[in-house]
Amino acid sequence: MANKKEHWLYVISPKQKLIDLNLREVWHYRDLLILFVKRNIITVYKQTILGPLWYFIQPLFTSVIFTLIFNNMANIPTGDGVPSFLFNLAGITAWNYFKECLTGTSDTFRQNQGMFGKVYFPRVIMPLSVVFTNLVKYGIQVLVFIGFYVYYAFFTNKAENTSIQTAVILIPLLIMFMALLGLGLGMIVSSLTTKYRDLKFLIGFGVQLLMYGSAVMYPLSYFKEKLPNISWIVEYNPMTTIIEAFRFMTLGVGDYSTANMLYTGVISFVIFIIGLIIFNRTEKSFIDTV
Amino acid sequence: MEKDVILKVENLSKQYRLGLVGTGTLGHDLNRWWHRVRGKEDPYLKIGESNDRSAKGESEYVWALKNINFEVERGEVLGIIGKNGAGKSTLLKILSKVTAPTIGEIKTKGRIASLLEVGTGFHPEMTGKENVFLNGAILGMTKKEIQSKLNEIVEFSGCERYIDTPVKRYSSGMTVRLAFAVAAHLDPDILVIDEVLAVGDAEFQKKAIGKMQDISNSDGRTVLFVSHNMAAIKSLCTRAIVLQHGTSVFEGNTNEAVDFYLKSDVANDIAHYINETPNEGSDILEVSMRDKDNNISGLFGFDDQITLQVKLKITEDIIQYGSLGFRIKDQNERTVFSSEIDLIKFVEKDGVYSSNIEFPKSVLLPSEYRVIIGYHVPNKEKIRSLFDIINFRIEETGTIFHKYKGVDFGCVMLDCKWSMKPD
């Protein structure tokens, strides 16, 4: 054999670099990503009568309940001239995307262990497909929101102070933050639950608790006024910023500043990167411990 | 001629931790992490034993693979042989990147696609066509590649009529056909195949083996093939390695490798089982397969005498109603036959007994079989059930069927009364 240095296409080894994400490989599997998204969408509501209507029903009913309990019963103000229902619908619409991304990706390894144990493809495709699938769902829910928005703005006089802001063009940025945040947290949780399943129990009620801490059904300003001592919990929560910003952009009420957006963007990105690193470390050997 | 090595496995080892994941695991993890922080070697890599499943070990860690080295040249079809638990599947899993090795490396010059299972990711709610695309993409094909091969795939599967029907309406055989069809049209540089051939009906198996032969012969594809089916190994592979307890014990020409596997202890040590932790009371103590000279053996000729020997302890209380029985299963988990006795007919007082069960001669056809043994009081108490302890093999020593390969003749040869007269 000659002394020439042999050229290998790739090497399977136990060594782990900190970030080992092979973007070219992910790109090669883009068709798989699309097919997974398609599969997720067409199979969820197979053999249901209402089908995709369920996407509408869930946020609508939640908004009605929130309006009845938090606004009509507990008298939480939603700002002058902003209908409580619309306020809640805005909060829930924004919150839902994050929630679905988080819960959808937090069980990636366990749910797909059958497939992951038999075939290799970049594992990150799986949580990514969840995030994109939810984007479609989210689109439908935003349509519902727009529908009610138009109704309140043009057919009633309850929404006199409701005004759309020019910042509304930044909504795609908000969606990206939510996706990164949900995906990042979801990947962290899914990686940790492969060996220790304790987190699985946390995630169910943790998400619910987080909702109460994310200013979904109350304005941040009201929370600060009533509970100034612990308001930092809500204030530093990046989801609060996102929801407040979403309501500011669409309804004109809420706490919005460039600094806040920057803060949330950085936090989301950092969490996403941490998630990616942990996920990458786990994917190599999770099948032995799951 | 210079060797064109496409795949090189160097010093490959894989360690597993036995037992359950629990609080103790966290302790080990922390210890391991603490060693890493200080820049020291993983303390648990030094320990661990070879992977002999029947011998009771000291350590919680075992090496499922230890120091595996081999090279594969372009266009070669390499067979990997070994009994259950020899490390074949672990090796395949590492090759297909499902899990990472603990030590060592695999270097490759080509794209590897692995078939550890057919139909991975099939969704029952989606149509056959949708599943072809999804499954193909999971196996690493692009949409364009699948599109260009779609007609071929559908034709090969023989499911044209059902291609737009959800897979949940398919018979299981059809699902397997469709799944295999996708797999057979994969186009990687190196193909890694686990015993996926053992699916479907006989006609389809023939078709599948034929397709495999095409792939490996005409296309000059590199294939790594793992199987228990020596006939398939012999007809497909150009070279083979034999694994035992996680190490490679033989490497070379296919026929020699198969002979080595059959003749050596590799096959025989699964014909003997000793219960290391017997119950205080009644229990099975030892089980073995014996040849006509009463030697332990896991390999018999078709017309050899085969005896199953069970050593058991019988206590006073179960003599009256206790039973000892066994079942013989074939490779496809079909039960070939069973037999059982009531102890009361053989035993009068308690003690340790040796029970010899002689099988009828020239009945079991050449294949691999598994013995399942149950010691119990029927419908009341299970004393000991042993499922995966004894395997034996009947070798082809000249039955009428020896001229055929890879055809399923069933498991038993019956002495049918044939006659033929001019009409």
Side-chain angles (χ1 to χ4, degrees), chain A residues 1-2 4 6-16 20 22 25 27-48 112-123 125-126 129 194-198 280-290, chain B residues 2-3 5-10 12-17 21 25-26 29 64 93-118 120-121 123-126 130-131 133-146 166 189 194:
Chain A
M1 275 236 257
K4 69 167 190 221
E6 286 179 289
H7 181 77
W8 301 103
L9 188 70
Y10 63 84
V11 175
I12 301 170
S13 71
K15 284 192 212 87
Q16 297 185 336
D20 201 9
N22 190 342
E25 197 183 36
W27 178 244
H28 176 86
Y29 279 92
R30 65 193 180 279
D31 287 334
L32 181 61
L33 177 62
I34 297 166
L35 284 164
F36 272 139
V37 172
K38 214 172 117 187
R39 181 198 70 177
N40 293 346
I41 292 169
I42 63 178
T43 55
V44 172
Y45 291 109
K46 278 262 165 91
Q47 288 207 1
T48 59
N112 298 297
Q113 54 172 303
M115 201 189 296
F116 285 1
K118 294 296 181 189
V119 168
Y120 174 80
F121 52 85
R123 306 306 190 210
I125 293 277
M126 219 64 207
S129 78
T194 56
K195 202 163 190 181
Y196 302 107
R197 301 211 174 147
D198 309 56
N280 252 299
R281 294 186 71 94
T282 311
E283 71 169 28
K284 280 204 168 180
S285 59
F286 92 97
I287 207 73
D288 306 334
T289 53
V290 74
Chain B
E2 198 181 331
K3 283 204 291 181
V5 177
I6 191 167
L7 182 91
K8 197 168 179 179
V9 175
E10 284 176 346
L12 196 74
S13 303
K14 173 85 185 174
Q15 191 186 49
Y16 279 112
R17 186 179 191 280
V21 173
T25 331
L26 186 60
D29 280 355
K93 274 187 181 168
I94 297 173
L95 278 167
S96 34
K97 297 213 276 176
V98 162
T99 183
T102 313
I103 306 174
E105 278 181 346
I106 297 174
K107 296 171 181 169
T108 155
K109 282 179 188 160
R111 215 150 64 87
I112 302 179
S114 59
L115 282 179
L116 305 194
E117 178 189 67
V118 290
T120 311
H123 197 291
E125 297 286 352
M126 298 202 304
E130 286 167 337
N131 270 313
F133 277 98
L134 184 63
N135 186 236
I138 287 175
L139 293 171
M141 287 195 263
T142 59
K143 208 171 167 182
K144 233 168 87 188
E145 277 177 77
I146 307 166
D189 306 312
D194 201 355

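Computation of the quantities below employed the complete heavy-atom set of this structure, encompassing side-chain atoms and omitting hydrogens, waters and symmetry-equivalent molecules. Throughout, a chain's letter reflects where its sequence line sits, starting with A, and its residues are numbered from 1.
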**Request:** With sequence neighbours excluded, tell me which residues meet salt bridge (Lys or Arg N to Asp or Glu O under 4.0 Å) with B/Lys93.
**Result:** none

**Prompt:** Side chains of B/Leu139 and A/Phe121: closer than 4.5 Å at any heavy-atom pair?
**Reply:** no

**Request:** Quick one: closest heavy-atom pair of A/Val119 and B/Val98, and the distance?
**Result:** N-CG2, 3.8 Å

**chain B contact via A/Phe116 - side chain, backbone, both or neither, heavy atoms under 4.5 Å** = backbone

**Message:** Quick check on A/Arg123 against chain B: is it the side chain, the backbone, both or neither that has a heavy atom closer than 4.5 Å?
**Reply:** side chain

**Complete:** From the list B/Leu134, B/Ile112, B/Ile94, the residue making the most non-hydrogen contacts under 4.5 Å with chain A is B/Leu134

**Request:** Among A/Leu35, A/Thr43, A/Ile42, find the residue that satisfies the side chain to side chain contact (heavy atoms under 4.5 Å, CB included) test when tested with B/Glu130.
**Result:** A/Ile42

**Asked** With no hydrogens and no angle check, is any side-chain donor or acceptor of A/His28 less than 3.5 Å from a backbone partner on B/Thr142?
**Response** no

**Item:** Heavy-atom contact with chain A under 4.5 Å, split by part of B/Ile6
**Value:** backbone

**Prompt:** Can B/Arg111 and A/Glu25 be said to form a salt bridge (Lys or Arg N to Asp or Glu O under 4.0 Å), step by step?
**Reply:** CA-CA 12 Å; B/Arg111 215 150 64 87; A/Glu25 197 183 36; over 6 Å; no

**Complete:** Per-residue tally against chain B (heavy atom, under 4.5 Å) across A/Lys38, A/Met115, A/Lys118, A/Arg39 peaks at A/Lys118

